[in-house]
2 protein chains.
Amino acid sequence: MAAGPDMIADPPRFEQVQPVRLYERIVEQIEAAVARGELRPGERLPSERELVVQFGTSRATVREALRVLESAGLVRSRPGDPRGPEVLQIGVDSLRRPLERLAGAARLSLAQLVVSRMMLDSTANQLAAGLRTEEQLAWIEQAVEVMRTALEEGQDAFSKADMTFHEVIMSIAGNPLIQLGHTAVRDTVLALISDTISDADDSRAVMQRSLTHHEEVLDAIRAGDGVRAARASRRSLYEYYAASVTADERAALEAMLLG
Amino acid sequence: MAAGPDMIADPPRFEQVQPVRLYERIVEQIEAAVARGELRPGERLPSERELVVQFGTSRATVREALRVLESAGLVRSRPGDPRGPEVLQIGVDSLRRPLERLAGAARLSLAQLVVSRMMLDSTANQLAAGLRTEEQLAWIEQAVEVMRTALEEGQDAFSKADMTFHEVIMSIAGNPLIQLGHTAVRDTVLALISDTISDADDSRAVMQRSLTHHEEVLDAIRAGDGVRAARASRRSLYEYYAASVTADERAALEAMLLG
DNA sequence: TTGTATTTGTTCGTATGTATC
DNA sequence: GGATACATACGAACAAATACA
């Protein structure tokens, strides 16, 4: 095979090459082991000194890898624990910090977050309306009942009851991805607007309206009407947040109202 | 003030206390500085040795903090650079790895992933239908045109054109959160079923149907009919995946079809 | 272009406080 | 309570890589 200039048909597409740090290789290996299920939550990693032997690096390098995994919420190491670092159960908290960073860097606007909540909430309601059993319907009814009583007890109790309501819905919808996304987005929204709305002196009226919206959702789910349940949650969120977003961002919220 | 047992009115609610690592404090401070805008993307952090002086810790501790920030995509340090670690522009990619970890650890079923895709796709279509400009409409039309020609060129070209179509839609929808979720879920789905479907010998017919569905979406977006655009994508995904999920899981997919 | 100084990547040794048996 | 093994944190050192004169 003689190689000539005209033999080069495909221009070589080279990838940019970057130095791979040792600690990254360690992170990859441990991460892969967790992903493959070889390391289950509650199990222990070998001690740092043991890892030094297995990976053939220094202690500092192993520790850098462990700090990265720790900040990602995958492991936790405690001084003096002879059993070694613990593999943790992965949860929403692993998404919360990155999400908040993203929102804080102004790459995510409140409107974008609210649109996401409209999507997640309405989908969960639609699924719940279609999949609920009679027993699960009773759970929702009880959650609404708790909200009614909490209305008298003040804002904290009401917002807690509201959270419970949505957790019940999410569990019935049966989709962990939607559930996790919902709590992550909700937390981010709360961190973003903090108490802009909760400071309103007409909080009683706001809570009353919120309760009415939840009762509408309950009605729709009871009737098995997923479309109506989805619409109710979208409108509720729109009412609540529309005044807090800029005019041009509101177009996206309004586009979500259809259907 | 004499202290007696009856003086204790409020029962002391103590929070569980956990050891705070030095590197965490450093991460917090740098993170806060970035969030406050004191450190803009492109700017440089002091060198490691300088940070050692400013924080009053050892270099290993500073390095652990830098590795955590690096893995989070906030900074990048290169050997030999006397200007110090670079502050990076935060992007959606910072959410990708946590999301993939979560999807992998949550043992998501194909049905749950497909439901999520129905949610994300249909929402993006609805937003695009309501927000598109004339120019953006032309982008979509061009993407569909590319799919038509790719139909003749085989499966790889077609699936690539399909990806481009969705990327265009996502960019018009203007919600990075939805966009990110979409690519993450799509990648996970592909990793799950690998080539179960692509090995079908009637791939030509499958591609043809897919093209028809995309044309339906285009029509609806052209007409500004968000509801129809959303419905089209849900039905397309249902048709494509319904046969691959178990019967009881199919109920969730069918619940998503309404609306 | 070459050389030099500085910085990061990595390693080793050590002291200290802590959890488990 | 003591012994052991562990993680935390510090300091010094060398090699490789980069920027700048």
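Note that this is a predicted model, so its numbers are computed, not measured. Scope of the values below: all heavy atoms of this structure, side chains included, with no hydrogens, waters or symmetry mates.
Backbone-only contact: B:Arg78 has heavy atoms under 4.0 Å from sugar-phosphate atoms and none from a base. Within 4.0 Å of A:Arg67, counting heavy atoms only, lie sugar-phosphate atoms of the nucleic acid but no base atom. At a threshold of 4.0 angstrom between heavy atoms, the contacts of B:Arg21 are confined to the sugar-phosphate backbone, with no base atom among them.
An OP1 or OP2 oxygen of C:dG9 is reached within less than 4.0 angstrom by a side-chain nitrogen or oxygen of B:Ser77. Put simply, B:Arg59 has no side-chain N or O that comes within less than 4.0 Å of OP1 or OP2 on C:dT10. The shortest distance between the side-chain N/O atoms of A:Thr61 and the OP1/OP2 oxygens of C:dT11 is below 4.0 Å. OP1 and OP2 of D:dC6 both lie 4.0 Å or more from every side-chain N or O belonging to A:Arg83.
Atom CG in B:Leu22 sits roughly 11 Å away from atom P in D:dT8 (whole-Å rounding). If you take CZ of A:Phe55 and C1' of C:dT10, they are 16 Å apart, rounded to a whole angstrom. When rounded to the nearest whole Å, the span between CZ of A:Arg49 and P of D:dA5 equals 10 Å. Between the CZ atom of A:Arg25 and the C1' atom of C:dG9 there is a distance of 15 Å, given to the nearest Å. For the pair B:Glu64 CD and C:dG9 C1', the interatomic distance rounds to 14 Å; values are reported in whole Å. Taking atom CZ on A:Arg63 and atom P on C:dT11, their separation rounds to 14 Å, with Å as the unit. Counting to the nearest Å, the P atom of C:dT20 and the CD atom of A:Glu86 are 11 Å from each other. Atom P of nucleotide D:dT8 and atom CD1 of B:Ile26 are separated by 14 Å, given to the nearest angstrom.
Each of D:dC20, D:dT8, D:dA17 was ranked by its minimum atom distance to the side chain of B:Pro79; first place goes to D:dA17. Across D:dC10, C:dG9, C:dT20, the shortest atom-to-atom separation from the side chain of B:Thr57 is found for D:dC10. Of the candidate nucleotides D:dA19, C:dT20, D:dG11, D:dG11 has the atom nearest to the side chain of B:Ser58.
Between A:Glu50 and A:Arg44 there is no salt bridge, since no side-chain N of the basic residue sits under 4.0 Å from a carboxylate O of the acidic one. Taking a cutoff of 4.0 Å between a charged side-chain nitrogen and a carboxylate oxygen, B:Arg67 and B:Glu70 qualify as a salt bridge.
Within the 4.5 Å cutoff, no side-chain heavy atoms of A:Arg101 are placed close to those of B:Ser94.
With a cut-off of 3.5 Å on both pairing distances, the Watson-Crick or G-U wobble partner of C:dT14 is D:dA9.
Using modelled atom types, one finds a donor on one side chain and an acceptor on the other under 3.5 Å when comparing B:Glu249 with B:Thr246.
Taking CG from A:Asp162 and CD from A:Glu167, the interatomic distance works out to 10.0 Å, rounded to the nearest 0.5 Å.
Comparing A:Val52 and B:Leu66 by the nucleotide of DNA chain C whose heavy atom lies nearest to each, the residue mapping closer to the 5' end is B:Leu66.
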